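Presented below is the structure to which this report refers.
Just so you know, these numbers come straight off a predicted model, no measurement behind them.
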Amino acid sequence: MGLIALSLSACGTVKQESGQTPLTASQSPLPTSSTSSYKTQFKSVVFLGDSITEGLSFHDVLDKANVLAGAGKTAEFSLMAEDIDDLTGRNPKQVFLQLGSDDILWPTENPKEYSLKHYKTLITKIKEKLPNAKITILTVTPVTEAAEKQEPRYKNIADYNQGLKELAASEKTGFVDLTSLIQYSPEVYDSDGIHFKSGYYTIFLDALKDYVK
């Protein structure tokens, strides 16, 4: 864990939502809370995303009631009526969206444009169904150098995240750039260099807990 702390301190800052103070090196989000306290702090939140997000419940950091995610989930697939109904039924005060890891691999001419079109529609749907819920977009997390070499399309993550930032601005949602949270911290990655070990998710939630409605 000490190695993680050192790596995070060396990474600089995490860009937070508008009006928030960025995390500095001395404020790096270390895993200081217990699992039970995370479940309390995020009890009115739902994280909607792909297998990266699914790790929150897989590692029992949050309850399944607070995680609506699955392997292969894209912005388009998240528009399925059953997912929208499920999210609506949970009636969260805040929705964190973390999609894109699979979107950038989608076999279409312009995956970014294709994905962001559906991402925008997803946000519109959530606003219609949950008008009082706060929506926050989270960036796609970086992969390791080895994973990028194996799948060159991961080189598009930074460009895709820029598209998410612009989408958040146009749709007036929250936005959190997670890139510096784990950049150059290979010890938090699982063996595939894409997914994460359980320790990452406590760092992840510590970075977000001050931005929960």
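Although no hydrogens or angles enter the test, the distance criterion places a donor-acceptor pair under 3.5 Å between the side chain of Q94 and the main chain of Y211. Under the 3.5 Å distance criterion, the side-chain polar atoms of S115 are left unmatched by any main-chain donor or acceptor of K112.
Among all heavy-atom pairs drawn from D50 and L99, the shortest one is N-CD2, 4.0 Å. A147 and I194 make their closest contact through CB-CG1, 4.0 Å (heavy atoms, listed as atom of the first residue, atom of the second, distance). Of all the heavy atoms in I84 and S78, the pair that sits closest is CD1-O, 3.6 Å. V95 and L87 make their closest contact through CG2-CD1, 4.2 Å (heavy atoms, listed as atom of the first residue, atom of the second, distance).
Sorted by first and then second residue, the salt bridge (Lys or Arg N to Asp or Glu O under 4.0 Å) pairs involving residues 135-144 (not counting sequence neighbours) form an empty list. Each ring pair (Phe, Tyr, Trp, His ring centres under 6.0 Å) pair with one or both residues in residues 62-92, not counting sequence neighbours, appears once here: F77-W106. Each ring pair (Phe, Tyr, Trp, His ring centres under 6.0 Å) pair with one or both residues in residues 140-163, not counting sequence neighbours, would appear here, but there are none.
The aromatic rings of Y38 and F42 lie tilted to each other, with the angle between the two planes from 30° to 60°.
By the side-chain contact (heavy atoms from CB on, under 4.5 Å) test, N161 is found to be paired with T139, V140, I157, L164, T179, residues two or more places apart in sequence or in another chain being considered. Not counting sequence neighbours, E166 has no partner by the salt bridge (Lys or Arg N to Asp or Glu O under 4.0 Å) test. Residues satisfying the ring pair (Phe, Tyr, Trp, His ring centres under 6.0 Å) test with H195, not counting sequence neighbours, are none.
Taking the six-membered ring for Trp and the full ring otherwise, the centers of F47 and F204 sit less than 6.0 Å from each other.
Counting heavy atoms from C-beta on, the side chains of T173 and I123 come closer than 4.5 Å. Side-chain contact between K197 and V188 is absent, with no heavy atoms from C-beta onward closer than 4.5 Å.
The number of heavy atoms from other shown groups lying within 6.0 Å of CD (E151) is above 12. Summarising the local packing, CD of Q162 is surrounded by more than 12 heavy atoms from other residues, nucleotides or ligands at distances under 6.0 Å.
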